[in-house]
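Keep in mind that the numbers below use all heavy atoms, side chains included, and drop hydrogens, waters and symmetry copies. Letters go in sequence order (proteins before strands), and every chain restarts at 1. Note that the coordinates shown come from a computational prediction; the quantities given were computed from them, not determined experimentally.
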Amino acid sequence: MTELIRTAIPGLLAWYRVNKREMPWRDTPDFWKVWVSEIMLQQTQVETVRPYFTEFISKFPDVHSLARAEEQEVLKAWEGLGYYTRARNLQKAARKVSAEMNGQLPKSFSRLLDLPGLGPYSAAAIASIVFKEPVPAVDGNVLRVFTRLTELGDDISRPQTRTLVFGILSDVISGFPPGDFNQAMMELGAIVCKPRQPDCPVCPLNRICASHKNGTQLRFPVKKKAAVKPHHLIGVGICMREGKVLIAKRHEKQMLAGLWEFPGGKIENGETEEECILREMREETGLTVELVRKIAKTDHAFTHFSITLNAWLCNWVSGEAQPLSGSEIRWILPEELDDYPFPKANKVIIKEFRSAVK
DNA sequence: AATCCGGGGCA
DNA sequence: TGCCCAGGATT
């Protein structure tokens with residue numbers, strides 16, 4: 001099988017040279033740009049990453065500048081991109097490289113794996129693109145291309161399957177330019193061998209593709225069905241006191257760590273939105289508040305659950321604000337909201353809040 | 001090996 | 001609106 005695939009690789013590389021998309025991190029000798037882009041590209045599509053990447057590189061043009069930065073500044077630059085531990089791990093790794101490795105990245109796949117935030121995919125991508133090490137970068141695109149090519153019916157969510165594909169592609173890659181091979185496979189998955197509407201007539205691998213021959217493209221890749229996501233109703237209080245608004249910072253170990261939010265929480269069984277917010281404000285901040293009016297309702301989907309946020313404007317009544325749930329709590333001016341990193345779900349709330357207090 | 005972390009595209 | 005997509009860390 002390895003040999004059959006190898007016969008088609010020159011055609012794949014020729015296709016790549018002609019069809020590859022322009023990207024600001026592509027074909028650069030700067031390892032920092034490749035590294036940052038590979039972290040941003042985890043779970044995230046090219047077009048989403050593009051504007052974030054440009055902005056991030058202008059703020060943090062090299063590994064040392066990110067190492068020196070405040071974590072809050074890094075999270076602010078990442079705001080809206082999601083998976084915020086990526087940003088925190090990238091900075092941890094940048095600090096290590098800056099302080100302990102003389103600003104140089106480890107030059108092998110296996111040692112890259114030791115840096116926080118670099119797993120098998122990202123380490124292979126960097127090792128192959130920057131250091132020309134012949135190691136396959138197996139991402140979701142590559143798994144789709146490979147399982148269709150070979151009609152491999154193993155569940156791609158299993159680590160075993162990834163190990164199998166990694167092993168076969170390790171043989172396939174030898175003798176070809178490793179960075180181009182990996183990027184060509186991923187680019188093919190992204191723009192031709194797409195999940196729903198594969199464009200087989202223009203595919204450089206169609207001559208050897210089992211799925212194309214048998215019309216089974218949409219059966220691959222095989223993966224086990226995701227569990228049904230629970231849905232939660234959330235009450236959120238935007239509390240005002242003397243023109244200032246109350247925000248809380250989330251704990252280090254929590255989901256969305258280091259980001260800020262308005263106090264709130266799950267609406268319990270038998271509880272109204274209003275009761276929930278009064279209770280949550282007391283539990284999370286120690287404050288007694290009065291509700292003014294509802295200003296926003298917004299849905300948000302996380303990986304394993306979804307939420308509906310119900311946001312109410314409130315007035316402070318009594319008590320001193322304490323960080324009972326998060327790591328910090330602050331009264332800030334509405335115009336200062338821009339200085340703090342918030343999770344995406346808060347965008348609508350902040351927008352409605354601005355028009356409400358205007 | 002199984003589970004936990006966002007958020008966007010598309011039908 | 002519901003379904004699909006998907007690397008790394010943690011346990």
>> For W78(A) and Y83(A): C-alpha separation, side-chain torsions, deciding distance, then whether ring-ring contact (aromatic ring centres under 6.0 Å, His included) applies.
In response: CA-CA 9 Å; W78(A) 210 269; Y83(A) 273 106; over 10 Å; no
One thing to verify: whether [Y] and [X] come together as a salt bridge, which I'm taking to mean a side-chain N less than 4.0 angstrom from a carboxylate O.
X	Y	answer
E22(A)	R26(A)	no
E283(A)	R279(A)	yes
K297(A)	E273(A)	no
D180(A)	K20(A)	no
E70(A)	K76(A)	no

>> Quick check: on DNA chain B, is the nucleotide nearest T44(A) upstream (toward 5') of the one nearest R158(A), or the reverse? Name the residue that is more 5'.
In response: R158(A)
> With rounding to whole Å, what would you report as the distance between dT3(B) and dA6(C) at their C1' atoms?
Replying inline: 14 Å
> Which is it for F342(A) and F262(A) under the ring-ring contact (aromatic ring centres under 6.0 Å, His included) test, yes or no, and what are the steps along the way?
Replying inline: CA-CA 9 Å; F342(A) 280 83; F262(A) 303 106; 5.6 Å; yes
Report the nucleotide, chosen from [options], that has the shortest atom-to-atom distance to any side-chain atom of [X].
X	options	answer
N89(A)	dA9(C), dC5(C), dA1(B)	dA9(C)
P120(A)	dG8(C), dA6(C), dA1(B)	dG8(C)
Q160(A)	dG7(C), dA1(B), dC5(C)	dA1(B)

Remember a base hit wins even if backbone is also touched, and classify [X] as base, sugar-phosphate or nothing at under 4.0 Å, heavy atoms.
X	result
N141(A)	sugar-phosphate
K223(A)	sugar-phosphate
L118(A)	sugar-phosphate

Nearest-Å distance, [atom1] ([X]) to [atom2] ([N])?
X	N	atom1	atom2	value
W35(A)	dG7(C)	CH2	C1'	16 Å
I191(A)	dC5(C)	CD1	C1'	18 Å
I126(A)	dG8(C)	CD1	P	9 Å
R88(A)	dC5(B)	CZ	P	13 Å
Q42(A)	dC4(B)	CD	P	20 Å
D139(A)	dC5(C)	CG	C1'	11 Å
L113(A)	dT10(C)	CG	C1'	16 Å
Q254(A)	dC4(B)	CD	P	16 Å

> Just checking, is any N or O donor in the side chain of D155(A) or S157(A) under 3.5 Å from an acceptor N or O on the other one?
Replying inline: yes
> Does T85(A) place a side-chain N or O at less than 4.0 Å from the phosphate oxygens OP1/OP2 of dA9(C)?
Replying inline: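 Answer is no, no contact under 4.0 Å.
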> So which one's nearest nucleotide on DNA chain C is more toward 5', L115(A) or R144(A)?
Replying inline: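 The residue whose closest nucleotide sits nearer the 5' end is R144(A).
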Write out a two-atom table: protein N or O, nucleotide N or O from nucleotides 7-10 of chain B, distance below 3.5 Å.
from	atom 1	to	atom 2	distance (Å)
dG7(B)	OP1	Y84(A)	OH	2.4
dG7(B)	OP2	H300(A)	NE2	3.0
dG7(B)	N7	A301(A)	O	3.2
dG8(B)	OP1	K344(A)	NZ	2.4
dG9(B)	N2	R196(A)	NH2	2.9

